[in-house]
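Notes for the one structure printed next.
A note on names: the letters A, B, ... follow the listed sequences, proteins ahead of strands, and every chain is numbered from 1.
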There are 2 protein chains.
Amino acid sequence: MFKDAFVTEKPPIKNRRPLTLRDVSEASGVSEMTVSRVLRNRGDVSQATRERVLEASKELGYVPNKIAGALASQRVNLVAVVIPSLSNMVFPEVLTGINEVLDETPLQPVVGVTNYDPEREQKVLYEMLSWRPSGVIIAGLEHSDAAKAMLKAAGIPVVEIMDTDGQAIDACVGISHRRAGRKMAQAILKAGYRNIGFLGTKMPLDHRARKRFEGFTEVLAKEGVEIADREFYEGGSALAKGREMTEVMLKRTPELDFLYYSNDMIGAGGLLYCLDQGISVPGQIGLAGFNGVELLDGLPRQLATMDACRVEIGRAAARIIADRTTEAGDSGGGERVELTPMIQPGDTLSRR
Amino acid sequence: MFKDAFVTEKPPIKNRRPLTLRDVSEASGVSEMTVSRVLRNRGDVSQATRERVLEASKELGYVPNKIAGALASQRVNLVAVVIPSLSNMVFPEVLTGINEVLDETPLQPVVGVTNYDPEREQKVLYEMLSWRPSGVIIAGLEHSDAAKAMLKAAGIPVVEIMDTDGQAIDACVGISHRRAGRKMAQAILKAGYRNIGFLGTKMPLDHRARKRFEGFTEVLAKEGVEIADREFYEGGSALAKGREMTEVMLKRTPELDFLYYSNDMIGAGGLLYCLDQGISVPGQIGLAGFNGVELLDGLPRQLATMDACRVEIGRAAARIIADRTTEAGDSGGGERVELTPMIQPGDTLSRR
DNA sequence: AAGAAACACTTTATCGCTAACATGTGTGCA
DNA sequence: TGCACACATGTTAGCGATAAAGTGTTTCTT
């Protein structure tokens with residue numbers, strides 16, 4: 001038919017059906033299997049045909065169909081990464097660590113965002129698992145029962161990250177937020193502060209912030225100190241919120257001599273507020289945040305904080321997945337990596 | 001055999017092969033096809049069987065295999081999103097917009113990060129296209145020839161975002177950075193500033209920053225004004241860099257009366273530096289950034305900036321993809337959406 | 001009351017690839 | 001010379017789903 005001749009001559013960009021291995025095999029005069037071998041660098045293929053195939057493939061602009069490939073080989077080089085948010089900076093940094101390690105493997109991360117919503121987490125997880133990834137990296141140890149069941153049933157490596165205070169499904173990489181809270185409390189008490197205020201996010205769903213808070217109050221309680229005031233926020237620009245909350249709290253409870261913020265962003269806001277108001281830091285009032293975000297480097301004074309080891313968490317988690325998918329006898333299971341965050345006293349903690 | 005009996009009785013979490021439609025169909029006594037129909041809510045199924053199937057499916061913990069589904073139906077509900085970075089905050093916001101829109105469709109975004117490296121972009125794109133997504137959203141108009149070829153050949157909707165100054169492959173959503181640079185220059189000149197310094201990233205690969213710079217200098221030139229000093233940075237904490245660069249520049253060129261920063265983060269650093277030094281802003285020196293990041297709300301003074309419409313860009317891009325994949329006659333092609341960024345003069349531009 | 005149409009399913013044939021095995025060469029070694 | 005064996009390819013049979021077409025039942029129609 002004319003039409004066919006046409007199509008063969010110069011595929012009119014539009015109604016051209018997608019290229020397959022067959023097209024490449026015909027163009028290079030070998031079997032589809034050989035083309036497949038060349039494209040995957042697997043098995044014995046002579047240099048001559050290899051070149052011929054590669055050329056034909058490039059010529060046509062062929063892009064392999066991984067869907068078909070994955071189905072046939074029962075192997076998917078994807079790693080599902082499920083995190084609560086991208087606007088927190090914490091998680092992009094974790095992703096950086098994951099990328100770093102996976103870049104040297106055939107594995108590829110796929111990110112899903114839950115917005116701190118367990119229901120959404122479950123949905124996202126279901127979606128991701130339906131692509132049959134080689135592994136899952138998921139933030140937190142708290143998940144819906146259904147989500148836990150899915151993870152257990154998936155039969156793939158699962159690494160829960162960020163937090164080690166709790167029962168992991170399989171492997172686990174993170175820091176103990178409870179301990180982090182305790183450490184900070186100790187440091188603050190040691191510096192001599194006694195009237196301590198806490199400022200943070202509303203915590204029903206931010207389990208890690210909650211655990212830090214619990215560890216924090218636990219140590220204070222042992223010394224007979226109670227949180228003198230507290231304030232919680234939700235949404236909005238964290239920096240601005242930090243400002244506002246600090247103002248509110250200092251007006252309400254002027255005798256405070258220390259403010260512990262559940263993250264560096266609101267802490268930075270508080271710091272800026274104090275400096276604005278001419279409040280002497282850390283003399284009159286001490287401040288500390290949590291996370292060690294890079295941002296802080298540019299502030300007029302260095303906020304005391306605690307590094308959450310974000311990049312390292314990402315790296316370690318990715319390494320576990322990579323090792324387990326590579327190693328023949330899919331060895332391990334249940335790895336547990338607890339990193340130790342260090343206090344960075346900055347300029348706002350020691351009372352000189 | 002004993003072993004089989006065992007496996008049937010109580011699948012010992014380990015050597016259990018993954019569940020398939022067949023397992024569900026056997027468990028509920030209908031054909032695989034019927035199960036498939038139920039799970040996808042498609043076609044006629046009686047209420048009775050529907051329930052039976054759903055129960056069996058939940059009971060077993062079945063998760064459909066989208067790989068197989070996609071291959072069979074030749075439909076993949078993924079949208080590839082290719083962006084240069086996640087640590088810039090600009091892109092997470094774009095993603096937010098994309099998510100917002102796609103959440104109401106069956107489509108799902110998959111993110112790839114290029115680190116501003118064209119070669120990496122090409123690789124990431126290749127990877128993504130090999131999953132045969134329903135569409136591509138990609139940042140920028142500048143791509144390697146091979147990347148452009150792939151995009152053209154893919155036969156799917158392609159939306160290039162962020163930038164409208166140039167030739168799009170297919171659709172395009174963004175702002176004109178050249179115009180944004182021009183507008184800012186006009187506003188600065190109008191406010192009476194004449195000794196203007198520019199601070200930004202090293203630009204070989206950040207085409208949008210480059211275009212803003214070009215637009216900016218173009219307008220200045222028309223008025224016979226030349227950039228009095230300039231400074232570029234790379235890597236590190238943007239806030240800290242803003243501080244440092246500002247210090248360096250003001251020491252080198254004390255007669256400057258305005259500093260234009262290529263992004264808000266370094267602008268904020270500069271602002272903090274000026275306030276620290278007791279330099280009167282905007283009296284003695286005016287400042288402006290670019291992007292309208294939320295962060296700025298918390299600063300002691302509101303930095304002049306220009307909203308880059310990030311969330312809206314994400315929304316519009318996603319809408320184009322969604323519309324084209326839904327609509328029967330896959331209508332359009334070549335949509336072009338140019339958004340208009342507005343100057344937010346804040347407290348650092350008008351000379352009172 | 002007979003044919004059409006709606007319903008509730010099942011059967012069959014792919015989708016594009018890869019695993020596993022089959023086939024056909026040339027080489028080395030006894 | 002012949003047999004093993006590495007190499008270079010081809011063949012066949014799925015992977016787990018869905019589209020499309022097929023098979024019985026009901027339920028309208030008029």
Handout entry: More than 12 heavy atoms from other groups under 6.0 Å of CZ on B/Arg22
Key = no
Problem - Phosphate contact (D/dT18 OP1 or OP2) by B/Arg75 side-chain N/O below 4.0 Å - result: no
Practice task
Starting from the C-alpha separation in whole Å, work towards a yes-or-no answer on salt bridge (Lys or Arg N to Asp or Glu O under 4.0 Å) for B/Asp170 and B/Arg324.
Solution key: CA-CA 12 Å; B/Asp170 176 3; B/Arg324 278 214 243 162; 2.9 Å; yes
Exercise for the section: Please determine if a side-chain N or O atom of A/Arg40 lies less than 4.0 Å away from the OP1 or OP2 oxygen of C/dT18. Expected result: yes
Problem - Presence of salt bridge, A/Glu55 and A/Arg52, under 4.0 angstrom - result: no
Exercise for the section: Could you run through nucleotides 3-16 of chain D and give me one letter per nucleotide, 5' to 3': B if any protein heavy atom sits under 4.0 Å from the base, S if only the sugar-phosphate is that close, - if neither? Expected result: -----SBBB--BBB
Problem - Below 4.0 Å: OP1/OP2 of C/dT18 and any side-chain N or O of A/Ser36 - result: yes
Handout entry: Rounded distance (Å) that lies between atom P of D/dT18 and atom NZ of B/Lys66
Key = 11 Å
Practice task
Could you tell me whether A/Glu100 atom CD has more than 12 heavy atoms of other residues or ligands within 6.0 Å of it?
Solution key: yes
Completion exercise
Paired with A/Ile161, the side chain to side chain contact (heavy atoms under 4.5 Å, CB included) test is passed by just one of A/Val94, A/Val82, A/Val81, namely A/Val94
Practice task
Before giving the answer on salt bridge (Lys or Arg N to Asp or Glu O under 4.0 Å), spell out for A/Glu119 and A/Lys123 the whole-Å C-alpha distance, their side-chain angles and the decisive distance to 0.1 Å.
Solution key: CA-CA 6 Å; A/Glu119 227 170 284; A/Lys123 222 181 82 187; over 6 Å; no
Practice task
Look at the side-chain N and O atoms of A/Arg42 and state whether any lies under 4.0 Å from the OP1 or OP2 oxygen of C/dA19.
Solution key: no
